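Notes follow once the structure below has been shown.
Source: prediction; values computed, not measured. The chains referred to below are lettered A, B, ... by the order of the sequence lines, with proteins before strands, and numbering in each begins at 1.
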Amino acid sequence: MTTPDSPDAPAPSDFIRDIVAADLASGACQRVVTRFPPEPNGYLHIGHAKSICLNFGIAKEFGGVCHLRMDDTNPAKEDVEYVDSIIADVRWLIADWADDVLRFKEDAEPFYASDYFGQLYAYALTLIHEGKAYVCDLTAEQTDEYRGAPDRPGRPSPFRDRSVEENLHLFHEMRAGAFPDGARTLRARIDPHHPNVWLRDPVLYRIRHTAHHHTGDAWCIYPMYDYAHCLSDSIERITHSVCTLEFEVHRPLYNWLLESLPVPSPRPHQHEFARLSLSYTLMSKRKLLALVSEGLVAGWDDPRMPTISGLRRRGVTAAALRHFALHIGITKYNGLTEVGVLEHAIREDLNTRAQRRLGVLRPLKVVITNLPDGHTETVPAANHPLDPALGTRAVPFSRELYIEQDDFAEVPPPKFFRLKPCGEVRLKYAYIIKCDEVVKNADGTIAELRCTADLDSKTGGATSSRKIKGTIHWVSAAHALAAEVRLYDRLFTEAEPEAEGRDFRTCLNPHSLEVLTAQLEPALVTARPEERFQLERLAYLALDPTSTPERPVFNRVITLKDTWAKEAAKS
RNA sequence: UGCCUUAUGGUGUAACGGUAGCACAAACGACUCUGAAUCGUUUUGUCUAGGUUCAAAUCCUAGUAAGGCAGCCA
């Protein structure tokens, strides 16, 4: 690897970092503590990566820490499988960048909101004592009905004025398992008529006789997000609780709870930013789950998925993802980021990181007729044009070669400067060849090209400096390593797969995966999983985890930019 | 006829009352043993209408448009 991880550049300022800086300057907080609080009900995706980079980045830049916390208050949806994948993804993303500010509990476990159930229960008792919460017997449907709608005021629950004693008694009974699921709830007593629906006596606890992945059978009542989240933040002494825009209308509730309870001071504050939307990409956990469960992709880590595990398997590095996250900025504007920005970040990272190799995706046989049968030699090839210190390797060259089908045209289009009948082209690191004859099969397809080489034109040779417009890649047929290469492309054909009420299933890209057997230079046999390679003139490759020495499998991370394809498309 | 939020080139962002800048994309050119990379040049922008001010993308008012909010999900 050439220039390894250049240190991640400092993030440009944004409105949240401005708030943090101001709070530190004013003494509103001494040391910044942020948190990344995923619910373990799915795999993390690139939108989460934005949030991770923000929260860990703030902690790092301001000398604080960031907690990884499972926001696990709904046992019906959560699972340890997700907990494990989340931990792995976060560790991978921040490795060698912010692992020094990642805070776990003492036992190297993440924080869990469910660890606070006891304390949350005690806080609920306090609320009841102060007349700020009550047990409500309304069914879910009735609760909806009483709550009204955004443009329609609510009505008070008939149970809103129960005595403190009765509420205490009923809440104890709820906790003891005296009632079936859904029979009762604990609700905050705020204002049934409030213009913000989240303040119309929101539900704090519901009854669920369901085992929890982390607390087992200890509880049959579970706190709601709004109740658990602000108090978990407080318990962990979070200073800045950063979340996405849809929680904006919940902030008054977040504040109400913290101001209604005897929590330590200073208390945490919530700040919201716009979630990431990427063109040609679906981002919601539900939709990603649908892709997986309907078999539209091969799994959560399918290299076409925008999940962190999918991007990792595809061959995208953590540094590239971080660089992307840094570049897109943090605002309150709900925009659509072009996927090209991600692709640029990936190429920029791989360009410095990946050693160069030769390989042919769609082989076309070439015979060098002025070389004797069985002729074999090796030519030196640079491992990295940007870093000569990486040296060269010996690439076998022989009389029979493969070149790329796209690099020959019997009837060349305008501005085509690759190989054509009677035309010359340079074989990278080797000779200049001239195409003398096109041999065809019975069906008219091209069987092979017969060419002559200018034997003095090798690097350093007498005619090596001849100006030849085209240079193409090649591989020696006898020495080539046959390997499976998986060509990935965008999953959708529409920039906004769900625009105008469209079902995303109707715009799946049928060519999002193409598997072919490529002929690669033999040096690629020793490829290791953490390595990345550039197939010169084609693409960046990474070894797939399913690869074996007997059956090498490479994933195309991304193509090189292809100006010629654009030019060719014009005509 | 509710509440909250947002609006700067094609896209994403910066400018904190004083020169509208950056990145991606696009176009053109140089260089090139990768039609890559690199380098250079260029195109395109403050939602609308009023107001305050010597001066407004920025402050005020009104409008328009977009997003979010009516789970015992998070």
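Comparing C69(B), U5(B), G35(B) by their nearest atom to the side chain of Lys332(A) picks out U5(B). Candidate nucleotides G68(B), U32(B), A70(B) were compared by shortest atom distance to the side chain of Ala149(A), and A70(B) ranks first. In this structure, of U6(B), C33(B), C73(B), it is C73(B) that holds the atom nearest to the side chain of Lys77(A).
The separation of A62(B) from C3(B), taken at their P atoms, amounts to 13 Å, rounded to a whole angstrom. U8(B) and A57(B): their C1' atoms are spaced 6 Å apart (whole Å). The P atoms of C47(B) and U11(B) are separated by 13 Å, rounded to the nearest whole Å. A distance of about 9 Å separates the P atoms of C59(B) and G17(B), rounded to the whole Å.
A donor-acceptor contact under 3.5 Å is not formed by the side chain of Arg152(A) with the base of G2(B).
Between Asp151(A) and Thr143(A), the one whose closest nucleotide on RNA chain B sits nearer the 5' end is Asp151(A).
The nearest pair of heavy atoms linking Val395(A) to Trp474(A) is CG1-CH2, 3.8 Å.
No cation-pi contact links Arg426(A) to Tyr431(A), judged by a cut-off of 6.0 Å to the six-membered ring centre and 45° from its axis.
For the side chain to side chain donor-acceptor pair (under 3.5 Å) test with Arg356(A), the passing option among Glu536(A), His473(A), His384(A) is His384(A); the others fail.
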